[in-house]
Q: 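Structure in structure tokens, see below.
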Amino acid sequence: MYDLKALRENLDPIRTVLGRRGNDVPWDDLRKLSEERRTHTMQVEQLRQELNKGSEEVARLRRAKEPADEAMAAMKRLGDRIKDAEGTLRNAEEALSDVTLRIPNLPHASVPVGSDASENVEVRRWGTIPSFSTPPKPHWDIGEGLGILDFDRAAKIAGARFSVMTGAGARLERALINFMLDTHTTQHGYREVVPPLMVNRPSMTGTGQLPKFEEDLFRLKDEDYFLIPTAEVPLTNLHREETLSGDRLPLRYTAYTPCFRREAGSYGKDTRGLIRLHQFNKVELVSFTTPDRSYEELERLTGHAEMILQSLELPYRVVALCTGDMGFSSAKTYDLEVWLPSQQQYREISSCSNFEAFQARRAGIKYRSSSGGKKDAKSDFVHTLNGSGLAVGRTLVAILENFQQPDGSVEIPSVLRPYMGGLERIEKE
RNA sequence: GGAGAGGUGGCCGAGUGGCCGAAGGCAGCGGUUUGCUAAACCGCCGUAGGGACAAAAUCUCUACCGAGGGUUCAAAUCCCUCCCUCUCCGCCA
């Protein structure tokens, strides 16, 4: 969301910079709606001022034991006019916020311009792509062969796009979660959180999932709760409607949570395996910073996610998303893509974004610099960032595929072995 | 699920129809005093949205006492609905 004043005064430049991102925004209405809100505000405030003065006059007359009936009658008529004017104003405000809440964030100047994923820019690569004497198998074949993945039973108990992991597969998932959380809390300075997996509407609006993307979310039938599509939502909303003290920033949080996504509109994509599910596990990183340090923080946070891939010895690359491929709320995004031998391509395993003040403005997250209530210590919106550190299921996929052996077994990366009770290799039981 | 209590500024806490954006205290900031610290004393000390000004400073208006409605010339205060917190009972992992 934007500062209304800034939006009104810079409508055309903003529209230009957004380009294709803002295609579906009714820009011409916006100008009109914003003007309407302003004139109706003035109207209501002026009427209220009259009413306040009139009421004081009534009070004065009654104290002086003078007749006030006429003044009271006049004020009653004024009150009716105010009610009308307020109704008009409320409509104008709703119409305006309806539009402004659907305007995507402005891309940062360093974001490559482009219309879709093909114009993303590779920033760097890490690791060596493994070579295989026979064609590498996809992870679903490996997992079912080892008896650690069971998609048939997942379909029976839930449906398509769900998974069941058993035995060493389930333990590997848990090992990854623990390894990621331990690394981020002890090496990277994040505070671990166990948040709610269901959140209310204001929280979803605060981080930008609502109002525009409701069809992507699972919603409870009888309560106005939504299943979180990412821990970004509860973690960022931890400080909704709060003013943080500047010397406590940056605040860094990490959480492991299941994530729930409708995946509406993704029919036919990644229908097999663990890549695209209605429910998956993810370890998330969230950071609140001052505006002057948020891009530095984006690099750092991205590095924290990269550290996990490096520790697991998984080859990956970092991609800067172009303007056309970025998410709605983001000002700049790096995707981490891990190498999948069966597909002979890099696939997204983490997405690290700086939202600047976009979410903070929606969610009312501010900070006050330095100490004290001095006049120069004005409050301002924080910048929020988040990144996957990492998507656990996709990490498991990458391990199965990159560490598969000719005999069908899978070697376990050495950093995970302590988490696997010393197990070095997953073999058919 | 049933019964009750309560939600007021950064915190505590007064306030049952007008003189209340809100007493008082604490914390914070500035100052006086002081060899230094402490104490004492004085002053300042909420947020948001408009308007005036070229702009800043400033001035001014409006709104906000959990949220939304209602009554009234006038609501923190009266009424209704909802949300949240706490206590007791029931149920439950």
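Numbers restart at 1 for each chain; the letters A, B, ... are given by sequence-line order, proteins then strands.
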Q: For residues 385-401 of chain A, which residue pairs pass the side-chain hydrogen bond (donor to acceptor under 3.5 Å, both in side chains) check, not counting sequence neighbours?
A: A:His139-A:Glu401, A:Glu232-A:Asn386, A:Ser342-A:Glu401

Q: So which nucleotide does B:U16 pair with, by the Watson-Crick or G-U wobble rule with both distances under 3.5 Å?
A: none

Q: To the nearest Å, how far apart are A:Glu50 CD and B:U62 C1'?
A: 14 Å

Q: So, for A:His383 and A:Tyr295, is the gap between ring centers shorter than 6.0 Å?
A: no

Q: Rounded to the nearest angstrom, tell me the gap between atom CZ in A:Arg361 and atom P in B:A48.
A: 12 Å

Q: Sort out the partner of B:A74 for me: Watson-Crick or G-U wobble, both distances under 3.5 Å, none otherwise.
A: none

Q: Name the pairs: protein N/O against N/O of nucleotides 7-10 of chain B, kept only if under 3.5 Å.
A:
none

Q: Only pairs with both distances under 3.5 Å count, Watson-Crick or wobble alike; so what is the partner of B:G6 in this structure?
A: B:C84

Q: Taking the C1' atom of each, how far is B:U60 from B:G66, in whole Å?
A: 30 Å

Q: Determine the interplanar angle of the A:Tyr190 and A:His188 rings, folded into 0 to 90°, and report it as parallel if under 30°, tilted if 30 to 60°, perpendicular if over 60°.
A: perpendicular

Q: Checking all strands, does A:Arg77 fall into the base, sugar-phosphate, or nothing category for heavy-atom contacts under 4.0 angstrom?
A: nothing

Q: I need the CG-P distance between A:Leu4 and B:G49, as an integer number of Å.
A: 8 Å

Q: Sort out the partner of B:C41 for me: Watson-Crick or G-U wobble, both distances under 3.5 Å, none otherwise.
A: B:G31

Q: Figure out the NE2/P separation between A:His40 and B:G51, and round it to whole Å.
A: 15 Å

Q: CD of A:Glu241 versus P of B:U47: gap in Å, rounded?
A: 15 Å

Q: Side chains of A:Asn105 and A:Glu356: donor-acceptor distance under 3.5 Å anywhere?
A: no

Q: Roughly how many Å apart are B:C64 and B:G6, using the P atom of each and rounding to a whole number?
A: 24 Å

Q: Please report, rounded to the nearest Å, how far the P atom of B:U62 is from the CD atom of A:Glu93.
A: 17 Å

Q: Given that both distances must come in under 3.5 Å, which nucleotide forms a Watson-Crick or G-U wobble pair with B:G1?
A: B:C89

Q: Taking B:A76 as the reference, what is the distance to B:G9 when you measure between their C1' atoms (whole Å, please)?
A: 13 Å

Q: If B:A22 has a Watson-Crick or G-U wobble mate with both distances under 3.5 Å, name it; if not, just say none.
A: none

Q: Please work out whether the ring planes of A:Phe358 and A:Phe328 are parallel, tilted or perpendicular, with thresholds of 30° and 60°.
A: perpendicular

Q: Checking side-chain polar atoms at under 3.5 Å, does A:Thr384 have a donor or acceptor matched by the opposite partner on A:Gln359?
A: yes

Q: Which nucleotide, if any, forms a Watson-Crick or G-U wobble pair with B:U62, using both distances under 3.5 Å?
A: B:A48

Q: Hey, could you give me each pair passing side-chain hydrogen bond (donor to acceptor under 3.5 Å, both in side chains) that has a residue in residues 83-104 of chain A? Not counting sequence neighbours.
A: A:Arg48-A:Glu86

Q: Side chains of A:Asn52 and A:Ser55: any donor to acceptor distance under 3.5 Å?
A: no

Q: Can I get a per-line list of side-chain donor-acceptor pairs under 3.5 Å for residues 59-66 of chain A, giving both atom names and the distance, sequence neighbours left out?
A:
from    : atom 1 : to      : atom 2 : distance (Å)
A:Arg60 : NE     : A:Glu57 : OE1    : 3.3
A:Arg60 : NH2    : A:Glu57 : OE2    : 3.0

Q: Measure the distance from CZ on A:Arg368 to C1' on B:C45 and round it to the nearest whole Å.
A: 11 Å

Q: Take atom NZ of A:Lys5 and atom C1' of B:G49, then tell me their distance rounded to the nearest Å.
A: 9 Å

Q: Rounding to the closest angstrom, what is the interatomic distance between B:C88 and B:C20 at atom P?
A: 40 Å

Q: Name all pairs fulfilling the side-chain hydrogen bond (donor to acceptor under 3.5 Å, both in side chains) condition that reach into residues 1-23 of chain A, sequence neighbours left out, sorted by first residue then second.
A: A:Asp12-A:Arg31

Q: Walk along nucleotides 63-85 of chain B from 5' to 3' and tag each nucleotide B, S or - by protein heavy-atom contact under 4.0 Å, base first, then sugar-phosphate.
A: S-----S-S-BS-----------

